[in-house]
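Please read the structure below before turning to the comments.
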Amino acid sequence: MANFDADAPDALLHAPGADPLAVLGTWYDEATKQGEAMPDAMTLATATRDGRPSARIVLFKGVVRGGVLFVSNYQSRKARELAENPQAALVMHFPLSQRQVRLEGLVERASQAESDAYFASRPRGSQLGAWASPQSQVLASRDELLGLARAAEQRFGEGPVARPEFWGGYLLVPQSVELWLGKSDRLHDRFNYLKRDDGSWSVERLAP
């Protein structure tokens, strides 16, 4: 394993940068400008206490305090699994630029202030939807869901919508990050970053 050194001639050190989360932010911004259909979509994989996995698409909400932010109902299936087993993985794919980011680490809840700030930035309909949906619970019909949505509208009327206590942010704080860059003839570049005890990153090149 080698440390990142921008002056080193070895091809290993053609890695995109010293801090993979900074690279992720740059790649996300570039994907947005290039017109990726959903640059903020990422797959979140969780597992139960006994290791039974599940995965779903969530949305990237930025890098906060060294972690990748996403949001959820705290009573959802993923939230229950994270309570049992806080180890999780994320994958982001930017097909237009042939780039992929894989992150693995521990997940923790964002602070109330961080969750409040993001909730306040959401469209009003999405704010009401957070109140309306008992995420991952069984519904008898769509009419039941629409009834819950109407109840949420009536509850808040024309006033501001407060963040539900059962809804908020999570941070996946990565211990490893892989940056993948597509190349011809399947000779792709893969750089695996591992977090050191002092918070810095070491990097190694992986075979594609």
Side-chain angles (χ1 to χ4, degrees), residues 1 4 12 14-74 76-110 114 118 135-136 168-196 201-208:
M1 184 176 298
F4 183 88
L12 164 68
H14 292 168
D19 182 344
L21 293 180
V23 175
L24 168 58
T26 298
W27 284 7
Y28 173 77
D29 291 342
E30 291 176 354
T32 301
K33 292 175 183 177
Q34 289 172 352
E36 291 278 4
M38 289 191 66
D40 52 349
M42 55 187 184
T43 299
L44 169 67
T46 58
T48 59
R49 184 180 294 110
D50 58 357
R52 302 178 75 176
S54 63
R56 76 289 290 154
I57 301 295
V58 297
L59 298 182
F60 172 71
K61 300 303 180 183
V63 175
V64 177
R65 293 188 290 109
V68 174
L69 178 67
F70 62 94
V71 296
S72 177
N73 185 308
Y74 289 147
S76 65
R77 177 179 175 180
K78 60 181 168 296
R80 294 195 301 269
E81 291 182 355
L82 288 169
E84 291 184 8
N85 177 2
Q87 300 182 78
L90 286 169
V91 181
M92 299 183 73
H93 183 215
F94 306 120
L96 292 182
S97 55
Q98 298 189 68
R99 292 169 171 172
Q100 180 176 263
V101 183
R102 298 175 57 214
L103 308 100
E104 299 176 8
L106 294 177
V107 176
E108 61 187 46
R109 285 194 185 187
E114 289 162 344
Y118 174 70
Q135 195 173 83
S136 300
Y170 284 101
L171 296 176
L172 186 145
V173 181
Q175 292 300 309
S176 67
V177 180
E178 181 186 312
L179 302 179
W180 181 97
L181 301 91
K183 301 293 182 181
S184 60
D185 301 321
R186 301 191 61 82
L187 299 177
H188 312 305
D189 282 336
R190 295 174 62 190
F191 297 96
N192 189 48
Y193 294 75
L194 298 175
K195 179 72 72 66
R196 298 193 186 95
W201 296 92
S202 61
V203 59
E204 57 192 355
R205 178 185 284 272
L206 302 180

Residue pair Arg80, Glu84: steps toward the salt bridge (Lys or Arg N to Asp or Glu O under 4.0 Å) verdict: CA-CA 6 Å; Arg80 294 195 301 269; Glu84 291 184 8; over 6 Å; no

Does Trp201 offer a backbone N or O that forms a donor-acceptor pair with the side chain of Arg196 under 3.5 Å? yes

From Leu69 CG over to Leu171 CG, what is the distance, rounded to the nearest 0.5 angstrom? 5.5 Å

Run the side-chain contact (heavy atoms from CB on, under 4.5 Å) test on Val101 and Val177 for me, step by step, so that the C-alpha distance in whole Å, both residues' side-chain angles and the decisive distance to 0.1 Å come before the verdict. CA-CA 7 Å; Val101 183; Val177 180; 4.0 Å; yes

So, taking the atom named CD in Gln175 and the one named CG in Leu103, what distance separates them when rounded to the nearest 0.5 Å? 11.5 Å

So OG1 of Thr46 and CD of Glu81: to nearest 0.5 Å the spacing works out to 3.5 Å

How close do Met92 and Pro39 get, heavy atom to heavy atom, and via which atoms? CE-O, 3.4 Å

Contact summary for Leu59 and Ala41, nearest pair of heavy atoms: CD2-CA, 4.1 Å

Exactly one of Arg65, Arg109, Lys61 clears side-chain hydrogen bond (donor to acceptor under 3.5 Å, both in side chains) with Glu114, and that residue is Arg65

Please tell me if the side chains of Asp189 and His14 come closer than 4.5 Å, counting only heavy atoms from C-beta onward. no

Please lay out, stage by stage, how Tyr170 and Glu108 fare under the test side-chain contact (heavy atoms from CB on, under 4.5 Å). CA-CA 6 Å; Tyr170 284 101; Glu108 61 187 46; over 6 Å; no

Where is the tightest heavy-atom contact between Gly66 and Leu21, given as atom of each residue plus distance? O-CD1, 3.4 Å

Not counting sequence neighbours, which residues clear ring-ring contact (aromatic ring centres under 6.0 Å, His included) with Phe94? List them please. none

Do the non-hydrogen side-chain atoms of Pro208 and Arg186 ever get within less than 4.5 Å of each other? no

Test item: Arg190 side-chain N/O and Ala207 main-chain N/O as donor-acceptor pair under 3.5 Å: yes

Determine the minimum heavy-atom distance between Ala88 and Val107, stating which atoms define it. CB-CG2, 3.6 Å

Hey, what do you get for CG (Leu194) to CD (Glu204), rounding to the nearest 0.5 Å? 5.5 Å

Can you name the residues that form a side chain to side chain contact (heavy atoms under 4.5 Å, CB included) with Val58, not counting sequence neighbours? Met42, Leu44, Arg56, Phe70, Lys78, Leu90

Do His188 and Gln100 have side chains that get closer than 4.5 Å, going by heavy atoms? no

Separation of Leu172 CG from Phe60 CZ (nearest 0.5 Å): 11.5 Å

Kindly give the heavy-atom pair with the smallest separation between Ser136 and Arg77, and that separation in Å. OG-N, 3.0 Å

Within the 4.5 Å heavy-atom criterion, are Tyr193 and Asp19 side-chain neighbours or not? no

State, yes or no, whether a side-chain contact exists between Arg102 and Trp180 at a heavy-atom distance under 4.5 Å. no

Indicate yes or no: at least one non-hydrogen side-chain atom of Gln87 is less than 4.5 angstrom from one of Leu106. yes

Not counting sequence neighbours, list each pair that qualifies as a side-chain hydrogen bond (donor to acceptor under 3.5 Å, both in side chains) and has a residue in residues 24-42. Glu30-Arg99

Over all heavy atoms of both residues, which pair between Ala47 and Asn85 is shortest? Give the atoms and the distance, please. O-CB, 3.3 Å

Side chains of Leu24 and Val68: does their closest heavy-atom pair fall under 4.5 Å? yes

